[in-house]
Amino acid sequence: MSFDLELFEQRRQKLQQIEALGHEAYPHRFAYTHTLEQITAAYSEKTAEELTSEKPSVRICGRMQSIRGHGKAGFADLVQGGQRLQIYVRKDALGDNGFALYRLLDLGDLVGAEGYLFRTKTGELSLHATTVSLLAKAMLPLPEKWHGLQDVEARYRQRYLDLIANPEVRRVFAARSRLVRALREALERRGYMEVETPMMQPMAGGATAHPFRTHHNALNLDLYLRIAPELYLKRLVVGGFDRVYEINRNFRNEGISTQHNPEFTMLEFYQAYSDYNDLMEMTEKLLPEVAEATCGTTTLSYGEHTIDLSRFSRFTLREAIREFWPEESSRPTLEDFSDPQRTGAAIEAWNRLQGEHDRLVIPAGTSQGATLAHLFETVCERKLIQPTLIYEFPVEVSPLAKSKKDEPGWVERFELFVAGMEIANAYSELNDPEEQRRRFELQAALKEKGDREAHVMDEDYIRCLSYGMPPTAGEGIGIDRLVMILTGSRSIRDVILFPLLRPESSPAPAAE
RNA sequence: GGGCCGGUAGCUCAGUUGGUUAGAGCAUCUGCCUUUUAAGCAGAGGGUCCCGGGUUCGAGUCCCGGCCGGCUCACCA
């Protein structure tokens with residue numbers, strides 16, 4: 001018999017002994033009077049004398065995470081909702097039967113206890129138990145209390161153990177929840193309405209990405225999991241919802257990394273009668289607002305950096321390339337960016353400055369705009385640690401954005417970078433249906449040339465724009481990455497409860 | 001997909017140049033202990049060294065292949 005089955009068998013026998021003592025193995029409910037959080041809030045300030053005279057009677061429950069036996073007495077820690085409370089049991093207080101039950105409890109068991117609160121000699125708030133009961137048995141042993149669960153794979157596959165064993169993990173996901181709530185509240189205050197648009201779409205539009213494919217049997221219809229909600233949200237703006245937002249999953253069939261999970265959560269919001277300048281201002285207000293609500297501060301430490309989410313700098317994409325260029329003598333001029341040859345010379349200069357490692361190779365046939373976008377990413381992205389708005393993007397990489405009035409090759413678009421990561425992407429929405437058709441046609445031509453991520457022609461979306469969309473600005477914010485920054489997490493897997501992993505070949509059987 | 005690193009008891013980890021029967025702490029079991037807190041004391045049990053080949057008198061250790069994971073590069077948000 002393997003050791004874990006042996007432990008399982010031991011606990012099964014204890015369960016039988018508990019039932020033989022007349023206790024239910026899996027009772028249906030437990031009427032607690034306080035959560036441990038409420039106990040902490042109400043009694044943590046009380047002195048030993050106050051507690052002795054009050055002798056507050058409470059019934060509590062939680063998971064037993066520590067046992068310290070003392071012969072005919074003992075201490076145990078119950079944990080519930082991230083709070084811990086020590087219970088003190090004595091044979092003379094519990095009686096023979098109750099004490100026998102206590103002796104049959106294991107680490108990890110869910111336990112209820114009734115008694116009165118007091119302080120021990122060492123001053124710790126504790127429950128002097130008069131009754132202890134089993135609420136559910138842990139048939140498998142928990143990870144070790146001191147080191148917690150370290151094995152990264154086990155932490156992701158068995159997140160429940162991670163949450164039990166590692167208190168900071170619980171705090172990360174609590175912060176994530178506060179962030180999403182803060183975003184909803186911030187948007188509702190600004191007059192936005194939350195909506196839900198299709199996750200299964202006949203055409204995967206609104207972004208450049210490989211979609212997942214699926215199939216609906218009854219309609220015999222191939223569908224894609226959405227890569228973005230964008231085109232549906234703008235249909236709602238046409239329909240007269242002037243301010244809409246959606247917080248939901250996007251799916252992209254691409255690589256997995258510390259910054260990419262195949263499904264990830266995006267906030268997208270659209271605001272009619274506004275342009276990208278309005279959203280830049282709003283972004284600069286929104287981020288400190290939600291950071292404050294989530295973390296109580298806008299100053300966050302991330303790796304070796306201290307990031308201030310209340311101070312933003314702004315560069316145009318072209319300025320940023322110049323600003324972060326590593327060498328004065330080869331720094332390109334703004335004029336160089338409108339000339340493919342001179343841009344090519346700048347890329348050669350860049351490659352000369354880098355080792356083998358950071359070389360930028362632009363495939364033949366890449367448009368001037370896409371080339372500049374690549375150059376920007378290579379030169380600047382990882383250096384944008386403090387919040388930075390990069391604005392004005394090439395039209396070739398922005399098929400849904402409205403061109404600048406004076407420069408049709410550039411669009412009114414910005415992206416927010418923090419900690420070297422792209423956090424947000426926003427633009428003045430293109431609402432001229434004829435121009436939108438030309439943009440889709442350009443994308444179709446790219447697709448012909450083998451660009452698998454180019455946008456597809458969406459006739460229904462063009463028809464929708466043809467009914468008239470108000471001037472509108474829209475923005476998407478990557479929630480997972482924002483949570484990473486707010487919680488100091490270095491991997492996106494640490495802010496997603498169940499990140500995608502290859503399935504285990506066969507999980508070890510827990511019973512039988 | 002490429003490169004680098006890792007997988008040893010339920011958990012956290014050692015394991016030397018390839019050499020006796022693979023170790024420690026926690027957890028488990030037995031005994032003692034009625035204010036401890038990483039409780040303590042005495043004892044015991046617990047291993048598919050990720051899987052499959054190979055080299056060798058001998059493999060946790062070396063070689064080859066595979067599985068899973070981490071980091072990183074490429075792609076992307």
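All chains are named by letter (A, B, ...) in the order of the sequence lines, taking the proteins before the strands, and each is independently numbered beginning at 1. Owing to the predicted nature of the structure, the values given are computational and were not obtained by experimental measurement.
Rounded to a whole angstrom, the distance from the P atom of C26(B) to that of A22(B) is 22 Å. When the C1' atom is used for both C4(B) and U12(B), the distance is 25 Å, rounded to whole Å. Comparing the P positions of C11(B) and U48(B) gives a spacing of 12 Å, expressed to the nearest Å. When the C1' atom is compared between U61(B) and U28(B), the two are found 30 Å apart, to the nearest whole Å. For the P atoms, the distance from G43(B) to A24(B) is 13 Å, rounded to whole Å. Comparing C50(B) with G60(B), their C1' atoms sit 12 Å apart, to the nearest whole Å. Comparing the P positions of C41(B) and G25(B) gives an interatomic distance of 11 Å, to the nearest angstrom.
Stacking between F264(A) and the base of A77(B) is present: ring centres sit under 5.5 Å apart and the planes differ by under 30 degrees.
In this structure, S491(A) and I67(A) both approach RNA chain B, and ranking their closest nucleotides by distance from the 5' end singles out I67(A).
Ranking U34(B), C75(B), U36(B) by closeness to the R68(A) side chain, first place goes to U36(B). Among U36(B), C33(B), A39(B), the nucleotide with an atom closest to any side-chain atom of S66(A) is A39(B). Relative to the side chain of E153(A), the nucleotides C68(B), A77(B), U36(B) differ in distance, and C68(B) lies closest. When the nucleotides U12(B), A77(B), G69(B) are ranked by their closest atom to the side chain of L149(A), U12(B) comes out on top.
A 3.5 Å limit on both hydrogen-bonding distances identifies no Watson-Crick or G-U partner for U56(B). For C41(B), the paired nucleotide is G31(B), the pair qualifying as Watson-Crick or G-U wobble because both relevant distances are below 3.5 Å. Using the Watson-Crick or G-U wobble rule with both distances under 3.5 Å, C26(B) pairs with G10(B).
When the side-chain nitrogen and oxygen atoms of S257(A) are compared with OP1 and OP2 of A74(B), none of them lie within a distance under 4.0 Å. Phosphate contact (OP1/OP2 of A27(B), side-chain N/O of K145(A), threshold under 4.0 Å): present. Residue R502(A) has a polar side-chain atom (N or O) positioned under 4.0 Å from OP1 or OP2 of C68(B). At least one side-chain nitrogen or oxygen of R493(A) sits closer than 4.0 Å to the OP1 or OP2 atom of C71(B). Put simply, R119(A) has no side-chain N or O that comes within less than 4.0 Å of OP1 or OP2 on U35(B).
For the ring-ring contact (aromatic ring centres under 6.0 Å, His included) condition, no pair includes a residue of residues 472-497 of chain A, sequence neighbours left out. Every pair passing salt bridge (charged side-chain N to carboxylate O under 4.0 Å, His left out) that includes a residue from residues 472-485 of chain A is listed here, sequence neighbours excluded: R176(A)-D480(A). Each side-chain hydrogen bond (donor to acceptor under 3.5 Å, both in side chains) pair with one or both residues in residues 364-376 of chain A, not counting sequence neighbours, appears once here: T343(A)-Q368(A).
In this view, D77(A) and R68(A), R84(A) satisfy the side-chain hydrogen bond (donor to acceptor under 3.5 Å, both in side chains) rule, not counting sequence neighbours.
Atom P of nucleotide G70(B) and atom CG of D494(A) are separated by 10 Å, given to the nearest angstrom. Rounded to a whole Å, the CG atom of L7(A) is 11 Å from the C1' atom of G45(B).
Side chains of Y461(A) and M203(A) form no contact here, defined as non-hydrogen atoms less than 4.5 Å apart.
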task = Verify side-chain contact (heavy atoms from CB on, under 4.5 Å) between T283(A) and F414(A), making sure each step is shown before the conclusion.
result = CA-CA 11 Å; T283(A) 302; F414(A) 72 89; 3.7 Å; yes

Tabulate protein N/O versus nucleotide N/O from nucleotides 29-31 of chain B, keeping only pairs under 3.5 Å, one per line.
unit_1 : atom_1 : unit_2 : atom_2 : d
C29(B) : OP1    : K14(A) : NZ     : 2.4

Shorter than 3.5 Å, N or O on both sides, protein versus nucleotides 21-25 of chain B: list them out with atom names.
unit_1 : atom_1 : unit_2  : atom_2 : d
G25(B) : N2     : E144(A) : OE1    : 3.4

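Side-chain contact annotation: R493(A) with N261(A), donor-acceptor N/O pair under 3.5 Å absent.
The distance from the CD atom of Q13(A) to the CG atom of L104(A) is 11.0 Å, given to the nearest 0.5 Å.
In this structure, R490(A) is positioned above the aromatic face of Y302(A), its NZ or CZ under 6.0 Å from the six-membered ring centre and within 45° of the axis.
Of the charged side-chain nitrogens involved, at least one lies within less than 4.0 Å of a carboxylate oxygen, so that E230(A) and K234(A) count as a salt-bridged pair.
One can find a donor-acceptor pair under 3.5 Å joining the base of U36(B) and the side-chain atoms of Q86(A).
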